[in-house]
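Shown next, in C-alpha cells, is the structure this report addresses.
Computed from heavy atoms alone, side chains included, the values below leave out hydrogens, waters and symmetry copies. In each ligand, atom 1 is the first atom listed, and ligand 1 is the first ligand listed. Given the structure is predicted, the values throughout are model-derived calculations rather than measurements.
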Amino acid sequence: MIHNKNDLFVLETRDTSYCFRVMPQGHLEHLYYGRRINLEQGYEPLLQKTTFLGGTQIAYSKEFPNVGLEDLCLELSSYGKGDIREAFLDITHEDGSSTCDFRFRKARILKEKKILDTLPSAYLSDQGSEPVSLEIEMYDSNYEITLLLIYSVFYDSNVITRSAKLINTSSKKIWLERIMSCQLDLDAEDYIISTFHGAWAREMNRYDTPAQPGIFVNDSKLGISGNRSNPFFMISQKNANEEYGDCFGFNLIYSGEHYAAIEVNSMGKLRVVNGIQPANFRFLLMPGDSFEAPESVITFSNQGYTGMSHNMHHFIRKHILRGEWKNRVRPVLLNSWEANYFKFDEGKLLKQAKAAAEAGIELFVLDDGWFGNRKDDTSSLGDWQENREKLQHGLKGLADKINALGMDFGIWVEPEMVNEDSDCYRNHPDWAVKLPGVSHSLGRNQMLLDLTKEEVRSYLIDEMARVFSSANIRYVKWDMNRIFSDRYSSSLDADRQKEFSHRYIMGLYEVIGTLTRRFPQILFEGCASGGNRFDLGILCYMPQIWASDNTDAICRVTIQSGYSYGYPLTVMGAHVSGCPNHQTLRNTSIETRFEVAAFGLLGYECNLTELSKEEYQIVKEQIAFYKKHRETLQFGDFYRIKTNDRGIYQWLCVAPDQSEAIGLHLQKEVLPNYPHTKFKTRGLKEETSYHFTNRQQIFSIKEFGDLINMISPIHIKKDSLVHNVIAMVKKMPGEVEDSKALGCVFNHAGVKLKQAFAGTGYNEEVRLQKDFSSRMYLWDSLNE
Ligand code: DGJ
C-alpha cells in the first residue's frame, strides 16, 4: 500500500510503515521506518525541528538557512551541499566538480511492480488493485541530471525494495562514481550490526559489532558477492533476541561486488547505504544514457531475529524464486564429487548410481571431470565435449542408464571459466580476461571468460544449450570457482575499464537468464566453490545454491544457521558425505550428518557402495523419513531455537499448516554432568494437541569402550575380537520419546528431553549424547 498526501509519502506493509516527506526546499526527509503506525491524524511529531543550525554545519542556502543536510535523515544524499556522510550518489561532472543537488520534481504511484531493465528484480505475481511501486523523480537543476528513486512494497512479506536509475538528461557527459540502491537514515540508538563473514569452507559466521561513531563497512571486492562477507546483514536493537526487539534486515539483488556502509555521525544519526561496490566502479554516461542500480531489500520486525528472518524467507520464496521449481519439492540427490573427484568411468558411476536408486535417491548428479581431457583442475574448462575414455557411451549413454534405474540425471558445468590448457583458450585467447601484454594471475588454475563480450555470451549460450539438450538432463549445477583479478576487457575503451565488473554481471545475467528460460524443466543449482556467490541475484534464476564445500555436519550447523538469518532452507544445498570428513577429517555419525543435512536440500555425496550394510540400511531409512517430511523441511517456517547455547543448537521447522514440526537438537561438545535439556517449540497451534516423538537411533555397544566391563561377567578388552563380535550381535536401541500435549504446552513450557548420559548409568531411558551427536524430534498434530 502506498499513500501520498501533499508532501507526505507512506509505504505500508502488513506490519510496518515507511514514511518520508518532501521538504520545502525539495530534499526528501526520511521520517520513520518501523512498526506500523497510523498517520491519519498528522505526522507533525515525526518532523525534525531545526530553527538555528548548530556549530560548523553548512547551511543549505540563503533561502533555507536552517536546513543542514549533515544533521537530517534523508532518502537520498550526495556530496557538496553539506551532507558529509556516506553518500547515495557520487558524480563527476564534465567540469570536474562533484557537487550534486537533487531535489524533488514529481512522483508516480504505480499499480504494477516496477521491474528493472538491465538486472534481475523481485516480482509480484498476484498484483491486485493496490499501488505497489512508487517512482520519485529527483532533478539536479545545476547540471540537468535526473535521478529516479524507485520503491516497491511487498505487503505480506513486510519488505520494501528500493532501487534507482540515473538518467543523463544533460547535454554533457558525466562519470558515475557511485550509486547506491538503498539509503536508510535513522536516529542512532544502541544498535548492533550483524554481518556474516567467512572464507571457502567456512561461510556465514555471524559477527556482532556495536554501531558507534565512525563507519562500518560490509563489502566485497571479489568481483562477485563472495563468501568473505555475504550481502545480507542485520541491524538490531541492543539486547534483541530471536523473539523480541527491533530488527532490520538488508540485502541486495545482485551477484557482483556489494558495498554496505553503516555510519554513525556526530549528530546522533545512523545511516545505512547499500549498493554496488564503488571501488572498481566508474560509469561514463553520455547525454541520454542511463544507469540502473540493483534492487535492494529492506525489512523490519519488532519480533527479533526470527521475525526479520521470516519476512526475508517469505519474500525470497514468493518474490525472488521463480519458474517450475519454485514451489516443487526438491529431489534427494547423489552427487559424484567427493566419492570420485576426477577419477571415474561409466561402470564405476553406474555401480554407485544403482546403490543410490536402491536407497531411494531420485537424482544422480555427475559433478566435475566429465569433459575434455579433465584429469585434474589444470585443464579443459571451456571444452564441453564428453570425455569418451571416462564416459564410454557419452552423456546420453550414461543418462539413459541412470534413467533406467529410475533416477533423473544431472550434470555439473563451469561455463564462465577457461583453462589455458584447453582448445577453447587455444582458439580464442582473446576471450579470457587478462591485461594485454601483462602476465595474469590464476585462480584454481583458471581464467575468467569475458562476459562483457557479446560473442562470448552467445557462444556460451549455444554451447550450454547444446550440452543441456544432448541427453535427458534434469538438473544442472552451475559452478564458478575463482574470484576476479587482472580486470580488463578489450571490448571497452580505456575510460570505461572500470565498467568491466558490472558489465560482467549483466552479461552473466543475460546468459543464465536465457538458459534458464530455455530449459524451464531443469533444476538449476548455483555454486561458487560452495557459497562464494550466495545471493539474491543468483536466486532470481536458480532456485537453490550449494551452500558450502564444507560437508562436515559440525561446521554445517554454524554455516546453515548463518544462512538461515537471511535465506530460507529451501535454497540451501546440504549433503551427507563420507567420514572422516574431507574438509576437516572429523568423524561424525551418519545420523548427525543426515539430521543436519535434512535441514537443507538433502543430498548424499559419498560412495554408497562402500558403506557398511548397517549404514546403508540407515541411509535408506533416512531417505524414506526425509521424503515423508520434506515439505515441512523445505517449505516450513524455520526457527533457530538455540544457537550455540553451551554448544547446543536447536532448530525447528513447522509445516505451513502447522500439522507437524520437526526439530533438531545437536550438541557440539558434551558438557559433563549436565543431563537435562528442554526443547521449547515455537509456532505450533496453541490449542491443537500434538504427539511428541523422536527419530530413534541405534547405538553400538562400542560407544561405551571398556565401560562394557561394568556389566560383563568376564573382562572384555576394548576393540578385541570378542568386543567386536558382541558389538555385532548386540545393538543398543536409543531412547524413545513419546508424549502428548497441547501446542501451547510445547510452545511455552517446552518438553523436557530424556536425560542425557552423564557418567552414572545407562539404559534405554537415557539419551546417549556424545560430542557431535544429534536427535531429530517430531510433533504430529492429532486433531487434524
Ligand atoms: C567446487 C564445488 O563447490 C564443488 O562442489 C565441486 O563441484 C567442485 N567445484 C568441482 O570442481
Self-check item: Proximity flag Glu525 to ligand 1, non-hydrogen atoms under 4.0 Å
Solution: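 No.
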Quiz item: With a 4.0 Å cut-off on heavy atoms, is Lys477 touching ligand 1?
Solution: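 Right, Lys477 reaches ligand 1.
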Tell me, which protein residue and heavy-atom name are nearest [atom], and how many Å apart are they?
| atom | answer |
| --- | --- |
| atom 4 (C) of ligand 1 | Asp549 OD1, 3.4 Å |
| atom 7 (O) of ligand 1 | Asp367 OD1, 2.7 Å |
| atom 11 (O) of ligand 1 | Asp368 OD2, 2.6 Å |
| atom 1 (C) of ligand 1 | Asp479 OD2, 3.0 Å |

Quiz item: Can you list the atoms of ligand 1 that are under 4.0 Å from a heavy atom of Trp412?
Solution: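 Here the atoms of ligand 1 in question are 7 (O), 10 (C), 11 (O).
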Self-check item: Ligand-residue contact atoms, ligand 1 with Trp546, heavy atoms, under 4.0 Å
Solution: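 Here the atoms of ligand 1 in question are 3 (O), 5 (O).
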Exercise. Apply the test salt bridge (Lys or Arg N to Asp or Glu O under 4.0 Å) to residues Glu416 and Arg533: give CA-CA distance (whole Å), side-chain angles for both, the deciding distance (0.1 Å), then the verdict.
Key: CA-CA 13 Å; Glu416 296 160 67; Arg533 200 165 59 183; 2.7 Å; yes
Please report whether ligand 1 has a polar contact with [X], defined as an N or O pair separated by less than 3.5 Å (distance criterion only).
| X | result |
| --- | --- |
| Arg374 | no |
| Phe342 | no |
| Trp337 | no |

Quiz item: Glu595 and side chain to side chain donor-acceptor pair (under 3.5 Å): which partner among Arg695, Gln622, His665?
Solution: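 Passing option: Arg695.
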Quiz item: Only one of Ser491, Ser458, Ser490 clears side chain to side chain donor-acceptor pair (under 3.5 Å) with Lys453; which?
Solution: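 That would be Ser490.
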Residue part near ligand 1, for [X], under 4.0 Å between non-hydrogen atoms:
| X | value |
| --- | --- |
| Asn335 | neither |
| Cys527 | side chain |
| Asn481 | side chain |

Quiz item: For Tyr541 and Tyr509, what are the C-alpha separation, side-chain angles and deciding distance, and is it a ring pair (Phe, Tyr, Trp, His ring centres under 6.0 Å)?
Solution: CA-CA 8 Å; Tyr541 302 95; Tyr509 289 146; 5.4 Å; yes
Quiz item: Taking atom NZ of Lys351 as the centre, does the number of heavy atoms from other residues, nucleotides or ligands within less than 6.0 Å exceed 12?
Solution: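 Result for NZ/Lys351: open.
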Exercise. Run the numbers on Tyr254 and His502 for ring pair (Phe, Tyr, Trp, His ring centres under 6.0 Å), then give the verdict.
Key: CA-CA 10 Å; Tyr254 191 56; His502 182 66; 5.6 Å; yes
Self-check item: Side-chain donor/acceptor of Arg593 to backbone N/O of Ser577, under 3.5 Å
Solution: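 It does hold such a pair.
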Self-check item: Any donor-acceptor N/O pair, Asp486 side chain to Ser441 backbone, under 3.5 Å
Solution: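 Side chain of Asp486 to backbone of Ser441: a pair is present.
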Quiz item: Minimum heavy-atom separation for Ile316 to Val571, with atom names?
Solution: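 Residues Ile316 and Val571, closest heavy atoms: CG2-CG1, 4.3 Å.
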